[in-house]
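As structure tokens, the structure follows; a few thoughts come after it.
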Amino acid sequence: MVTNTEQIFTFINEYAESNKEDLYLEAVIEACQEWLSGESMPRLTPSVTKEEIRRGIQLAVLKGMKEQAQPNHQMTPDALGMLIGHFANKLMQHKEKVTLLDPAAGTGNLLFTVMNTIGDKVTATSVEIDELLVRLSAVTAELLEQPVRFFVQDALRPLLVDPVDLVVCDLPVGYYPDDDNAISFEMMPADGHAFSHHLFIEQSMNHLKEGGYAIFLTPASLFESDQSAELHRYLKKNALIRAVLQLPATLFRSAAHEKSIFILQKPFAEMKAKPDVLLSKVPNMSDKLAMSRFLEQIDDWVSEKS
């Protein structure tokens, strides 16, 4: 039997392949707009879920990214999105309403995975500088019926976003070229350009409510760079490190691309003592038993903490 996810991919792919005068990703947007308008749509079962819709669109977007081969168009792998979604859902489980921000949202794949996991109580803000990715993200949000506000801008410039309960972000890694703007950040080094990923951490903390959480995908070498002194100083003053989780090397092309999950909390007035930091290695994600034990460990950590 053909799944809903396969039906969605086939519908979008056939539309894109028959509209060769368009770039593939542009055609993905048009196919989704046709679906929204009801002009033509994939054959789906009545029980289709938001996750099936997200995955079907994601498969088409991944194909388009391979064809257009643009290095800044990278999608957060699904396994990592699901894991971050699990953390987000557990950390927000006692809240009746959740506000969420992704300051480097790309196509929105990580954002939508987290929103689908948390459920109907979440509203989100997406910030992304690349207009094509925002258009892909916006049409996906409509099909998923997810309440998202979109900003097309450099997220390191002033953001008109009220403080949120939760930030999730697959941090853009590298140097930030705009020194005139970076000078307003605490993590601007005395010499040379600041790291974008450092500034995104700082900007995220600026837009969190007291007691709110930020879940980042960071380079595994985050604390080993020549700017780690700035990072340590900033975190000591402005954040509580709650968890550092080393991800399996098998998920990444090379050691240079390896990432970790890094969870911060914004300090709050009623805080009694500095909480313990969860340091752990994520097991091989295809090992179901090891993963279920790991998720139990996470759930225990969250319940102890709350």
> Under 30°, 30 to 60°, or over 60°: which ring-plane class applies to F262 and F223, parallel, tilted or perpendicular?
Replying inline: perpendicular

>> With side-chain contact (heavy atoms from CB on, under 4.5 Å) as the test, pick out the partner of H197 among L222, L231, T218.
In response: L222

>> Using the side-chain contact (heavy atoms from CB on, under 4.5 Å) definition, which of the options I84, N109, D102 pairs with V114?
In response: I84

> In terms of side-chain geometry, is the basic nitrogen of K97 or D165 positioned less than 4.0 Å from the acidic oxygen of its partner?
Replying inline: no

>> Please determine whether a side-chain nitrogen of the Lys or Arg among R135 and E128 lies less than 4.0 Å from a carboxylate oxygen of the Asp or Glu.
In response: no

>> Could you walk me through whether L132 and I29 satisfy the side-chain contact (heavy atoms from CB on, under 4.5 Å) test, starting with their C-alpha distance in whole Å, then the side-chain angles of each, then the deciding distance to 0.1 Å, before giving a yes or no?
In response: CA-CA 9 Å; L132 174 65; I29 295 169; 3.7 Å; yes

> Any chance the rings of F185 and F195 have centres within less than 6.0 Å?
Replying inline: no

> For T3 and E6, what are the C-alpha separation, side-chain angles and deciding distance, and is it a side-chain hydrogen bond (donor to acceptor under 3.5 Å, both in side chains)?
Replying inline: CA-CA 5 Å; T3 65; E6 289 164 330; 3.2 Å; yes

> Which of these passes side-chain contact (heavy atoms from CB on, under 4.5 Å) with P42: W35, Y15, F9?
Replying inline: W35

>> My understanding is that only one of L156, V161, V167 makes a side-chain contact (heavy atoms from CB on, under 4.5 Å) with Q203; could you say which?
In response: L156

>> Assess whether a salt bridge exists between E296 and R293, defined as any Lys/Arg side-chain N lying under 4.0 Å from an Asp/Glu carboxylate O.
In response: no

>> Please evaluate residues R242 and L264 with respect to the criterion side-chain contact (heavy atoms from CB on, under 4.5 Å), reporting the C-alpha separation (whole Å), side-chain torsions for both, the decisive distance (0.1 Å), and the verdict.
In response: CA-CA 5 Å; R242 299 308 313 263; L264 297 177; over 6 Å; no

>> Quick one about E186 and Y234 (side-chain donor to acceptor, distance below 3.5 Å, no hydrogens or angles considered), yes or no?
In response: no

> E30 and N19: side-chain donor and acceptor closer than 3.5 Å?
Replying inline: no

>> Between D170 and K259, does any NZ, NE, NH1 or NH2 come within less than 4.0 Å of an OD or OE carboxylate oxygen?
In response: yes

